[in-house]
There are 2 protein chains.
Amino acid sequence: MSAETAGGVAPVLKALADPVRLRLLSLIASHADGEACVCDLNDAFDLSQPTISHHLKVLHEAGLVDRSKRGVWVYYAARRDVLADLCALLGSVAR
Amino acid sequence: MSAETAGGVAPVLKALADPVRLRLLSLIASHADGEACVCDLNDAFDLSQPTISHHLKVLHEAGLVDRSKRGVWVYYAARRDVLADLCALLGSVAR
DNA sequence: CCATGGCATCGACATCTGTCAATATAGACG
DNA sequence: CGTCTATATTGACAGATGTCGATGCCATGG
C-alpha cells in the first residue's frame with residue numbers, strides 16, 4: 001500500500017475506531033432506509049447529547065455518513081459504498 | 001452491533017488507524033510467507049527504530065501480527081484471519 | 001413575538017498517542 | 001570475556017481525543 005493510500009484511509013479507520021461511533025454507524029445502517037434521526041441515537045447511549053453530536057460530526061467529516069436536515073430533525077445516513085470500499089481494501093491486504 | 005462487539009473491535013480498528021501501521025501491515029502481508037524481518041521494515045520508513053518498534057508492538061497487542069524471534073532477527077507475520085474477520089464485520093454493517 | 005425543543009458549538013479538562021534520544025537486553029562472534 | 005548488531009524499553013514532550021456543562025442557533029407552535 002502506498003503512503004498516499006495509507007494516509008487517506010487512516011482517517012476513515014480512525015473515525016471508525018471508537019466503540020461509540022461503531023455502534024452509531026451500525027445503528028444508522030440498520031435503520032430502514034439506512035438513515036436515523038439524532039433524537040433516536042441520543043437515547044441509545046448513556047452519553048450527553050453534545051458527545052453524540054461530536055461523534056456524529058467525526059463520522060460525517062470522515063465521509064462515513066451523510067447529513068440532512070428535515071424540519072426540526074437531523075437525519076444521518078450511512079455511506080455503504082465507503083464502508084464497502086474500505087472493506088475491499090482490507091480484504092486486499094489480507095489476501 | 002452490540003456494545004460488547006463494538007468494544008472488542010474498536011481496539012483492533014484503532015491499531016489499524018494509523019498510516020504507518022497500515023503500511024507496516026501491508027508490507028508484512030505482501031512479503032513471501034506473509035512475514036517480514038524488522039530490519040527490512042525499519043528501512044522502509046523515515047522514522048526512528050524505536051518508533052517502528054512501538055508501532056509493531058501496537059499491531060501485535062491488537063492481535064494483527066504474530067511475533068517470532070529467530071536468531072538475532074525478529075519476524076512479524078500478518079494474521080490474515082483477523083483481518084478477514086474484521087472485513088466480514090464491516091461488510092455486515094455495510095449490507 | 002416569545003417560548004420551547006432539537007441539535008450544534010464552545011471551553012475546559014483528563015487521558016491517550018506518536019515521536020524521539022537515551023538506554024537496556026540479548027544473541028552471535030571473535 | 002568483550003564487542004558488535006538487532007530489537008525493545010524508558011522517559012519526555014507536544015499534540016490529539018473523549019467527555020461534559022454551558023451556551024448558541026434555528027424551526028415550530030402558542
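Per chain, numbering begins at 1; letters A, B, ... match sequence-line order. Hydrogens, waters and symmetry mates play no part in the numbers below; they use all other heavy atoms, side chains included.
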**Q** Would you list the atom pairs, donor with acceptor, under 3.5 Å between side chains in residues 55-62 of chain B and any protein atom, with sequence neighbours excluded?
**A**
residue: His55(B); atom: ND1; partner: Arg21(B); partner atom: NH1; Å: 3.0

**Q** Of Tyr75(A) and Pro50(B), whose closest DNA chain C nucleotide lies nearer the 5' terminus?
**A**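 Here Tyr75(A) is the residue nearer the 5' end.
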**Q** In this structure, how many angstroms lie between the C1' atom of dT17(D) and the CG atom of Asp18(A), rounded?
**A** 9 Å
**Q** Is the base of dA6(D) touched by the side chain of Gln49(B) through a donor-acceptor pair closer than 3.5 angstrom?
**A**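 Side chain to base: no pair below 3.5 Å.
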**Q** When the distance from CZ of Arg23(A) to C1' of dG18(D) is rounded to whole Å, what number comes out?
**A**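 Atom CZ in Arg23(A) sits about 15 Å away from atom C1' in dG18(D).
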**Q** Among dA8(D), dC20(D), dC7(C), which nucleotide sits nearest the side chain of Cys37(A)?
**A**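 Of the candidates, dC7(C) comes closest.
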**Q** Counting C-beta onward and ignoring hydrogens, is there a side-chain heavy-atom pair between Lys69(B) and Val74(B) closer than 4.5 Å?
**A**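 With C-beta onward as the side chain, the pair touches.
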**Q** Is any side-chain N or O of Thr51(B) closer than 4.0 Å to OP1 or OP2 of dT19(C)?
**A**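 Negative; the distance criterion is not met.
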**Q** Write down the distance between NE2 (His60(A)) and P (dA8(C)), rounded to a whole number of angstrom.
**A**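 Rounded to the whole Å, the gap is 10 Å.
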**Q** Indicate yes or no for a side-chain donor-acceptor contact from Arg23(B) to the backbone of Gly7(A) under 3.5 Å, with no hydrogens or angles considered.
**A** no
**Q** Does Tyr76(A) put a side-chain nitrogen or oxygen below 4.0 Å from OP1 or OP2 of dA8(C)?
**A** yes
**Q** Considering just the side-chain nitrogens and oxygens of Lys57(B), establish if one lies under 4.0 Å of OP1 or OP2 belonging to dT9(D).
**A**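 For dT9(D), OP1 or OP2 has a side-chain N or O of Lys57(B) closer than 4.0 Å.
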**Q** Can you check whether Arg67(B) has a side-chain N or O nearer than 4.0 Å to OP1 or OP2 of dT7(D)?
**A** no
**Q** Do Leu24(B) and Val65(B) make a side-chain contact, defined as non-hydrogen atoms from C-beta onward lying under 4.5 Å apart?
**A** no
**Q** What is the separation between atom CG on Asn42(B) and atom C1' on dT7(D), rounded to the nearest whole Å?
**A** 8 Å
**Q** With no hydrogens and no angle check, is any side-chain donor or acceptor of Ser30(B) less than 3.5 Å from a backbone partner on Ser26(B)?
**A** yes
**Q** Take the protein atom CD1 of Ile52(B) and the nucleotide atom P of dT19(C), then report the distance between them rounded to whole Å.
**A**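 Going from Ile52(B) (CD1) to dT19(C) (P), I get 8 Å.
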**Q** Whole-Å distance between dC4(D) P and Trp73(B) CH2?
**A** 18 Å
**Q** Quick one: which of dT28(D), dT7(D), dC20(D) gets closest to the side chain of Val72(A)?
**A**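 Side chain of Val72(A) sits closest to dT28(D).
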**Q** Of the candidate nucleotides dT7(D), dG18(D), dA21(C), which contains the atom at the shortest distance from the side chain of His55(A)?
**A** dG18(D)
**Q** Does a nitrogen or oxygen in the side chain of Arg21(A) sit under 4.0 Å from OP1 or OP2 of dG18(D)?
**A**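 Result: yes.
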**Q** Grab the NZ-P distance between Lys69(A) and dG5(C) for me, whole Å please.
**A** 17 Å
**Q** Does Arg70(B) put a side-chain nitrogen or oxygen below 4.0 Å from OP1 or OP2 of dG27(C)?
**A**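 So the side-chain polar atoms of Arg70(B) never come under 4.0 Å of the phosphate oxygens OP1 or OP2 of dG27(C).
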**Q** Using whole Å, what does the distance between atom C1' of nucleotide dT17(C) and atom CG of Leu47(B) come to?
**A** 14 Å
